[in-house]
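Below is one structure, written out as structure tokens, with a few remarks after it.
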There are 2 protein chains.
Amino acid sequence: MARHDDTRLPRLAVCTDLVILTVRPPSVQVLLIERAQDPFAGRWALPGGFVQPEQDLRSAAQATLVAKTGVEIGRAHLEQLASFGHPSRDPRMRVVSVAYLAMVADPPAAIPGSDAKKAEWVDIESVDRSALAFDHPQILAAGIERAMAKLEYTTLATSFCGSEFTIGELRSVYETVWGTTLDPANFHRKVLASAGFVVPTGSTSIKTKGRPAKTYRAGSAETLVPPLQR
Amino acid sequence: MARHDDTRLPRLAVCTDLVILTVRPPSVQVLLIERAQDPFAGRWALPGGFVQPEQDLRSAAQATLVAKTGVEIGRAHLEQLASFGHPSRDPRMRVVSVAYLAMVADPPAAIPGSDAKKAEWVDIESVDRSALAFDHPQILAAGIERAMAKLEYTTLATSFCGSEFTIGELRSVYETVWGTTLDPANFHRKVLASAGFVVPTGSTSIKTKGRPAKTYRAGSAETLVPPLQR
DNA sequence: AAAATAGTGTCTTTGAGACATTATCTA
DNA sequence: TAGATAATGTCTCAAAGACACTATTTT
């Protein structure tokens, strides 16, 4: 059985890695950094960092999220994704990664910071996933899959929209993430029929084309009953 | 930014804790141990253990699962649940716990092993959740919630059944976990209509009462389209 | 006016639930 | 035979999708 005598415990670290997504129709984008240091210097990777002593896992993820996107907490969705702990996933030493999934709306340019040469929003279609550092191909895949699935049965899509949005903008989030087209009329009715999904602001948006649309804010509901289907 | 110079990294360990569930109508049961050692000696807790060097997270969880239940791998469902890493969740030192959720069918008596005075299957209704050691109340809640949710849109319920089961047995899993009653006729039709949910064995089960039921094995599908509703 | 998008109305089809009916066993 | 559970059939109602139609803007 495992002992907890800490002098016998191996050297080990915990980090967080983030799959930060945004939707810019017709693309879903992920924030990637080009690593400044070894291991994997020069390679693209998910942003992340070691969890500091006395730092909660979520706080660590939040710190990375804010540092890389420049987006205020509270204007982004952040949830734990999964943990990855293969003994040799990091060549330096054993590092268990607690991955987080974040969604932000219309972020400014990504911020490289000290650990990256570059930081960029990249279309997920054009990412050479297998070239990512560490086991980040796996983490990215898990993040994208989770995001796609959660759109169906949660109100998460609103976190890809700004504070005010039209039903058409919300629909384009779904269409972009799922790579499908949805009937505008039926989508409209279904969204308004889901209690707590969106609340009207009373004003309308000015667009370049077509009839101006009423705008909405995200509602208080988190789950979508009934779910929206793909 | 985080440094990776390992001499500066704090002492830290990673463990796995398991929410192991089984269904014995009319109860859902969870495997709990009574801790043999401090901290929390004498208190009930989820089974778990430290992750050993060179041991994968899943392997660590699997080892605990087999050790406590006596069930062969392959006859149990095991999935990662979430990670819990509050800095003071363990009074000894910083310990990040990667929690796993397991489901087993009709297990034998639980095995205490060396780290527990007792190990028992306990009805989840009768667990004094707030008395559990560490942050295990939170982990248990997350496990139960996940299990209940996944019955709806996955074929997971079959992992609470033996290798061969009747539709009625499968239905009682749903009824037990959700605490509801389901229409036997409609349930029957919906299960058989879900492609890949169950496959007929060709034989029938002998029961004490009523007409003998055809038996089925778990099918190859993992997700349930359309989902079964509560 | 034409084009584009927002929003509403309506019809059809599908699927879920309620419940009756038939089948096959044990006590 | 009575009672119990399995399995099938049928009816009704509600929701989803297809699509026609109206509304309001820009060019």
Side-chain angles (χ1 to χ4, degrees), chain A residues 25-26 151-153 157-158 161-162 164-176 178 180-217 221 223-230, chain B residues 25-26 151-153 157-158 161-162 164-176 178 180-217 221 223-230:
Chain A
L151 287 201
E152 288 192 44
Y153 59 92
T158 57
C161 296
E164 294 194 11
F165 52 86
T166 67
I167 304 293
E169 284 164 3
L170 185 62
R171 176 165 48 87
S172 82
V173 167
Y174 280 92
E175 292 178 331
T176 303
W178 289 346
T180 57
T181 59
L182 300 170
D183 185 294
N186 293 333
F187 182 85
H188 195 102
R189 237 181 311 109
K190 282 169 81 168
V191 167
L192 295 185
S194 295
F197 192 0
V198 297
V199 289
T201 61
S203 55
T204 57
S205 90
I206 293 98
K207 310 281 286 300
T208 52
K209 285 178 185 175
R211 169 177 168 179
K214 291 176 188 164
T215 61
Y216 297 83
R217 257 185 258 283
T223 58
L224 226 43
V225 280
L228 266 128
Q229 5 248 59
R230 238 175 264 208
Chain B
L151 286 202
E152 288 192 45
Y153 59 93
T158 57
C161 297
E164 293 193 11
F165 52 86
T166 68
I167 304 292
E169 285 164 2
L170 184 62
R171 176 166 48 85
S172 81
V173 167
Y174 279 93
E175 291 178 332
T176 303
W178 288 346
T180 55
T181 59
L182 300 170
D183 184 293
N186 294 333
F187 182 84
H188 196 100
R189 237 182 312 106
K190 281 169 80 167
V191 168
L192 295 185
S194 296
F197 193 0
V198 298
V199 289
T201 61
S203 56
T204 57
S205 91
I206 293 98
K207 308 283 287 301
T208 52
K209 286 178 183 176
R211 168 178 169 179
K214 292 175 186 164
T215 61
Y216 296 84
R217 257 186 257 283
T223 57
L224 226 44
V225 280
L228 267 126
Q229 6 246 59
R230 239 173 263 207

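Residue numbers begin at 1 in each chain, while the letters A, B, ... track the order of the sequences. Because the structure is predicted, anything quoted here is derived from the model rather than measured.
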- Close side-chain approach of R171(B) to P184(B), heavy-atom, < 4.5 Å: yes
Minimal heavy-atom distance between E169(B) and S172(B), with the atoms involved, is O-OG, 2.9 Å
Per-nucleotide protein contact along nucleotides 8-18 of chain D, 5' to 3', at a 4.0 Å heavy-atom cut-off (B base, S sugar-phosphate only, - neither), is BBB-----SBB
Whole-Å distance, R171(A) CZ to dT5(C) P, equals 9 Å
Distance col, row Y153(B):OH vs Y153(A):OH, nearest 0.5 angstrom, shows 4.0 Å
Scoring nucleotides 22-27 of chain C by protein non-hydrogen atoms under 4.0 Å (B base, S sugar-phosphate only, - none) yields -BBBS-
Next on the checklist: Under the criterion side chain to side chain donor-acceptor pair (under 3.5 Å), I'd like the reasoning laid out for T201(B) against T215(B): C-alpha separation, chi angles, the key distance, then a yes or no.
Outcome noted: CA-CA 6 Å; T201(B) 61; T215(B) 61; 2.4 Å; yes
Rounded to whole Å, the CG-C1' distance (L170(A) to dG7(C)) equals 15 Å
When every non-hydrogen atom of S194(B) is compared with those of P226(B), the smallest separation belongs to OG-O, 4.4 Å
Hey, does E175(A) have a side-chain heavy atom less than 4.5 Å from the side chain of P25(A)? no
Q. Quick one: does E152(B)'s side chain get under 4.5 Å of L228(B)'s, heavy atoms only?
A. no
Review point. Within a strict 4.5 Å, meaning less than it, do heavy atoms of the F197(A) and T158(A) side chains meet?
Key: yes
